[in-house]
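Notes follow once the structure below has been shown.
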Amino acid sequence: MTRTARAFWLHYPGHGEIREVDLAEPGPEDVVVRTLCSGVSRGTETLVFRGGVPESQYGAMRAPFQDGEFPGPVKYGYLNVGLVEEGPASLRGRTVFSLYPHQTRFVVPAGAVTPVPEGVPAPRAVLAGTVETAVNAAWDAAPLLGDRIAVVGAGMVGASVAAVLSRFPAVRVQLVDAEPARAEVARALGVDFALPGEAAGDLDLVVHASATEQGLARSLELLAPEGTVLELSWYGDRRIGLPLGEAFHSRRLTVRSSQVGTVSPARGARRSYGDRMALALELLADPAFDALVTGECGFEELPEVLPRLASGEIPGLCHRVRYDAESAVSPG
């Protein structure tokens, strides 16, 4: 008997569609997962939707369970929460997070899913991949007691980083964004907010996540002498100017990259990818993270919704996708 499911595919840049796909027969170490909800990563995923992945980065930008190739047709995504229907006894009936695209049901190795802890609702757990990025950034940043920190860019990643860094003892964290409405997100997360022109300076650390040239320049301006900008933004195929004149050298400033594809060298010898993801899910027990989910649609609506997300017509942070049991699978 052939099992089928339904999946969202980017047919070509700017145009997506729902396709029926055949599921592989699960092996003894596999799980069959029925998706409960997934999330659209507004930065990376909408860039993929627009066809903005440079050819030189096709390999680096592959999602763990991606099908197809850039720029399309491609099945892309990595924020998925589902229910294990078949698999090892320790996982059957468990709610799990995985780095799987938008698909109603799928088969993956049991090691590719992470159980969602008790106390973390499935709809909030779609943020695990983004909070995992924030955990890695915090390991890379290595803030010290009492540091003065700004996070420039209050998108999904920036807001998550601010929430994680605010848990460090005696640090002052300010979330900086050009959109005044993001002040509500900052308030919900328990961190200060400022517009770029009003942000406090003389900082030990700035985490940049706005993916704009202006945001990166402002991040450097906010540093104290010998301060560091940790760059989380990914610009795709855009060229970005970096102001390395004026006082950059005399103030001995540093710009460092951080990328979630590798466990931070600060913890890589002692923490695995699974450890990092499990920690992210533990942090999501805090209901304050609900502020990062600002929109929702049904799975069947994705072909109409993703162009509006990519264009900015639908604003906000994480867009959650709902699935109903009837659309999940049809035996053949």
Worksheet entry | W139 and S258: CA distance, side-chain angles, deciding distance, side chain to side chain contact (heavy atoms under 4.5 Å, CB included) verdict | CA-CA 10 Å; W139 286 345; S258 176; over 6 Å; no

Checking L220 against L253 for the side chain to side chain contact (heavy atoms under 4.5 Å, CB included) test, could you report, in this order, the C-alpha distance in whole Å, the side-chain angles of both residues, the deciding distance, and whether it holds? CA-CA 8 Å; L220 286 168; L253 304 181; 4.2 Å; yes

Sorted by chain and residue number, the side chain to side chain donor-acceptor pair (under 3.5 Å) partners of E221 (sequence neighbours excluded) come out as R218

R252 meets the side chain to side chain donor-acceptor pair (under 3.5 Å) criterion, sequence neighbours left out, with none

Do NZ/NE/NH1/NH2 and the carboxylate oxygens of [X] and [Y] come within less than 4.0 Å?
{"X": "R320", "Y": "E296", "answer": "yes"}
{"X": "D202", "Y": "R148", "answer": "yes"}
{"X": "R105", "Y": "E85", "answer": "yes"}
{"X": "R3", "Y": "E86", "answer": "yes"}
{"X": "D286", "Y": "R167", "answer": "yes"}
{"X": "E179", "Y": "R182", "answer": "no"}

Going from [atom1] on [X] to [atom2] on [Y], what distance comes out if it is rounded to the nearest 0.5 angstrom?
{"X": "T114", "Y": "E132", "atom1": "OG1", "atom2": "CD", "result": "8.0 Å"}
{"X": "L283", "Y": "L127", "atom1": "CG", "atom2": "CG", "result": "11.5 Å"}
{"X": "L83", "Y": "L36", "atom1": "CG", "atom2": "CG", "result": "5.5 Å"}

- Enclosure of E29 CD (heavy-atom neighbours >12, cutoff 6.0 Å): no

Tell me if the CZ atom of R172 is crowded by more than 12 foreign heavy atoms within 6.0 Å. no

(message) Checking R238 against E213 for the salt bridge (charged side-chain N to carboxylate O under 4.0 Å, His left out) test, could you report, in this order, the C-alpha distance in whole Å, the side-chain angles of both residues, the deciding distance, and whether it holds?
(response) CA-CA 10 Å; R238 290 180 292 146; E213 190 171 295; over 6 Å; no

Assigning hydrophobic clusters by single linkage (Ile, Leu, Val, Met, Phe, Trp, Tyr; side-chain heavy-atom cutoff under 4.5 Å), is [X] placed with [Y]?
{"X": "V260", "Y": "L279", "value": "no"}
{"X": "Y235", "Y": "V152", "value": "yes"}
{"X": "V48", "Y": "Y100", "value": "no"}

Side-chain ([X]) to main-chain ([Y]) donor-acceptor, under 3.5 angstrom:
{"X": "S272", "Y": "D275", "result": "yes"}
{"X": "D140", "Y": "A137", "result": "no"}
{"X": "E17", "Y": "R19", "result": "no"}

Validation row, ring centre F70 to ring centre Y76 under 6.0 Å = yes

(Q) Please determine whether side-chain hydrogen bond (donor to acceptor under 3.5 Å, both in side chains) holds for the pair N136 and T133, giving the CA-CA distance in whole Å, both sets of side-chain angles, and the decisive distance to 0.1 Å. (A) CA-CA 5 Å; N136 208 59; T133 300; over 6 Å; no

With sequence neighbours left out, the residues meeting ring pair (Phe, Tyr, Trp, His ring centres under 6.0 Å) with H11 are none

If you define the side chain from C-beta out and look only at heavy atoms, does anything of F248 sit under 4.5 Å from V255? yes

* Asked: Can you check whether P54 reaches M61 side chain to side chain, under 4.5 Å on heavy atoms?
  -> no

* To do: Dump the intermediate steps for side chain to side chain contact (heavy atoms under 4.5 Å, CB included) on T130 and L292, then the final yes or no.
  => CA-CA 10 Å; T130 306; L292 303 187; 5.7 Å; no

**Verdict with supporting geometry, Q174 and F193, side chain to side chain contact (heavy atoms under 4.5 Å, CB included)** = CA-CA 5 Å; Q174 188 171 63; F193 177 83; over 6 Å; no

